[in-house]
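Encoded as structure tokens, the structure appears first; notes follow it.
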Amino acid sequence: MGAALGARDQPAPLMARPTRGPADRVNWPVVPPLVAVLGLLVLPLALVAVMSTRRPAPGFAGGIAGEYVFTLENYAVFLDTAYLRYLGDTLWLSLVATTIAAAAAYPMASWLATAPSSRQRKLAIGALMVILYASAVVKVYGVALAFGPTGLRPLLAAFWGVGLNNRLVTSTVVVVGLVNFLVPIATLMMVGPLQQVNPALSAAAQSLGANRMTTHLTVILPLCLPGVAQVFMLTYASAISAFVIPLILGRGQVNFLSNLVYARFSEVSDFPGGAALSMLLLAITLTVTLGLGWLVTNSTGLRPRIAR
Amino acid sequence: MKRLIDIVGTALVAAFLVLIAAIVVGPFLYSMTMSVDPRTFLGPFPPPGISGRWYAKFFADERYLRALWVSFGLALIAGTVATALGTLAALGLSRMQGSGRMAVDGLFASPKLVPHVVIGFSILVGFSAVGLGSGFFALACVHMLVALPFVVRAVAAALVGIRPSLVEAAMSLGATRTQAVWDIVLPLARTGMAVGFVFAVAVSLDEVSASVFLTTPAVVTLPVVLVSDMKASFDLTIAAAAAMMVLLAALVVFALDRIVGIERLLGRGAFGGGAENSR
């Protein structure tokens, strides 16, 4: 036995070790999805940006192949008053709807964040999620049906004191459709920031004599303001990008930017024009989501913490 | 005085919320009730009886059935590919640090920031430039892209709860990193992947704004068919289709609840017990 031990120079390895190759050192998992996003999102967006500076050729949807004339005339579309009104509709109606939705989402999310009963909470969240995942098309149809000529539309017309097909009535229906769409999203997103607030603070404030209103307005809301503001911005961005809602409920009278892009694609076959409008829509959405969010963070000094 | 403010304030907020609830839930109930309307024309609410004629009409219409198949096929394919790529993305992210990680994280989240109309239009332009055109493959790519951020977020959330020492222990016993991930991390992240898959399927079934740019006469998704029908006529067949999609959504939520529990998806933040934070 001593001879056998002494005959070995090194102990044999316990298990055969697989060699550690580059697959171990290089972060390869991140590569396929990265390629997918770059190829399907970044590159096509770059192509659209290039196309937006191309002079449109009537009859040729994407312009004549091989012929590229640089021009910024596609972006001049908003100097036309009709298009300014579409832009105004997009921004203003979305703002109204987002404000209403956020005002509704705050108390509901507040309840969801603090309610102790597991059963109730589960049912409420489940109901919100069913509404959320029922297709947007379903919701738009419901609103269109409910506010059709045999539904609530005559009531709205009477309320505003105008004719049945007036733009004001249509705008109201679009806002209703947007609110219908935005409330579930806003509520579920707002639960996050509201949950971060220490529950003891509310109890402490009330034990010091504040009523519930004062507690909410002076203690809770300022603390979760960055998160709530961030949710507001994201909701606003969702509203601005709405497509189906203004398409069906707007009845051609109210058009959002996304509808204009679609019209350039399907009706007019003006791809450079559609590209310019796409870039504008993207710029507006990114400004709202990232730019204003950055402003909120820097002005309050607090970092919003919600799950995107 | 303070109590009076509270009472009035609470009453106002409650009234406002009732109005909002009516706006959010009302149209659903309206269209679901009208979907069993026996009248052949669109009359005022409520329907005088109950009839399944619109559901029969839906299932008899070949366009709708074909669109249903296309939507299901797209949802499964896009959902599976999105889950695979999203899991890889989350795994890759977990190995990165610092500003590089934030940049890549932002890149994977970016499809959520771009309006779907812009995504659809740019894929159309991009695919046309390389000769791929519209149709099923283009639609699958778009649906996968749009679903990806949801999968990444779900899987990343699951990966957070997996201790890195498990992988290190496996590697110290002789496994390569890939083996360790495949044998240890992925089974533990199963829940996150399942949640991601369900989200991806739901997103794909609902997607319409980007799909309108990429459908062909032969390949159309169900939401796109419904939207074009809505513009053309206000047939109650659409109400029947809508009711069925609500049912589908309920199934999705039920599946999510079975897999992970709806409460866990939101967590309880500062209000919860420690149970969810320990693994």
Side-chain angles (χ1 to χ4, degrees), chain A residues 15 17-18 20 23-24 27 29-30 32-33 36-37 40-41 43-45 47-48 51 104 107 113-114 122 125-126 129-130 133-139 141-143 145-146 150 176 179-180 183 191 195-196 198-199 211-213 241 243-244 248 258 261 265 274 278 281-282 285-286 289 308, chain B residues 2 5-6 9 13 17 20 23-24 26-28 30-31 34 42-44 85 88-89 91-92 95 107-111 113-115 117-118 121-123 125-126 129 141 145 174 176-178 202 206 208-209 213 223 226-227 230 238 242 245-246 249-250 252-253 262-263 266 268-271:
Chain A
M15 299 177 222
R17 285 176 159 260
R20 308 234 172 149
D24 259 26
N27 188 352
V30 85
V37 174
L40 290 177
L41 188 65
L43 197 59
L45 277 178
L47 286 174
V48 168
M51 178 171 273
T114 58
K122 192 167 185 164
I125 299 175
M129 288 181 75
V130 169
Y133 289 117
S135 170
V137 171
V138 169
K139 293 182 250 190
Y141 181 70
V143 175
L145 207 55
T150 59
V176 169
V179 168
N180 172 289
V183 164
V191 175
Q195 271 179 356
Q196 308 293 349
N198 192 334
N211 56 8
R212 294 220 305 265
M213 287 276 119
S241 332
F243 175 69
V244 187
I248 302 293
S258 49
V261 174
F265 153 72
S278 297
L281 181 58
L282 184 61
T285 319
L286 286 179
T289 321
R308 276 269 195 88
Chain B
K2 284 186 193 170
I5 297 177
D6 248 2
V13 170
L17 285 182
I20 295 294
I23 291 183
V24 174
F28 266 123
Y30 193 94
S31 79
M34 293 296 277
L42 191 63
L85 284 179
L88 284 177
L91 287 172
R95 273 158 69 159
L107 200 62
F108 286 137
S110 56
L113 294 179
V114 180
V117 170
V118 177
F121 186 72
S122 37
I123 298 256
V125 167
C141 286
L145 181 69
T176 61
R177 184 181 271 271
T178 313
D206 186 16
V208 63
S209 320
F213 289 91
L226 289 177
V227 167
M230 269 188 244
I238 310 176
M245 288 175 91
V246 172
V252 164
V253 173
I262 295 181
E263 286 241 297
L266 283 185
R268 299 230 59 187
F271 292 80

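Convention: sequence-line order gives letters A, B, ...; per-chain numbering from 1.
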Report task. Carefully, step by step, assess Val137(A) and Met230(B) under the rule side-chain contact (heavy atoms from CB on, under 4.5 Å). Result -> CA-CA 9 Å; Val137(A) 171; Met230(B) 269 188 244; 3.2 Å; yes

Query raised in the report: In terms of ring plane angle, is the pair Phe213(B) and Phe243(A) parallel, tilted or perpendicular, where the classes change at 30° and 60°?
Result: tilted

Under a 4.5 Å heavy-atom cut-off, does chain B meet the side chain of [X], its backbone, both or neither?
X	answer
Val183(A)	side chain
Leu45(A)	both
Leu145(A)	both

Heavy-atom distances under 4.5 Å only: say whether [X] touches chain A with side chain, backbone, both or neither.
X	result
Ile5(B)	both
Ile123(B)	both
Val13(B)	side chain
Leu17(B)	side chain

Query raised in the report: Considering only heavy atoms from C-beta outward, does the side chain of Thr285(A) approach that of Leu113(B) to under 4.5 Å?
Result: no

Query raised in the report: For Ile20(B) and Val179(A), what are the C-alpha separation, side-chain angles and deciding distance, and is it a side-chain contact (heavy atoms from CB on, under 4.5 Å)?
Result: CA-CA 8 Å; Ile20(B) 295 294; Val179(A) 168; 4.2 Å; yes

Between [options], which has the largest tally of heavy atom pairs under 4.5 Å with chain A?
options	answer
Ile238(B), Leu226(B), Leu91(B)	Ile238(B)
Ala129(B), Gly126(B), Cys141(B), Gly26(B)	Cys141(B)
Ser110(B), Ser31(B), Pro115(B)	Pro115(B)
Gly9(B), Ala202(B), Pro27(B), Ala89(B)	Pro27(B)

Return the minimal non-hydrogen interatomic distance between [X] and [Y], and the atom names on each side.
X	Y	answer
Ser278(A)	Val261(A)	OG-CG1, 3.5 Å
Leu41(A)	Pro111(B)	CD2-N, 3.9 Å
Val37(A)	Phe108(B)	CG2-CD2, 3.9 Å
Arg95(B)	Asn27(A)	NH2-CA, 3.5 Å

Query raised in the report: Do you know which of Pro44(A), Ser241(A), Ala136(A), Ser258(A) has the most heavy-atom pairs with chain B at a distance under 4.5 angstrom?
Result: Pro44(A)

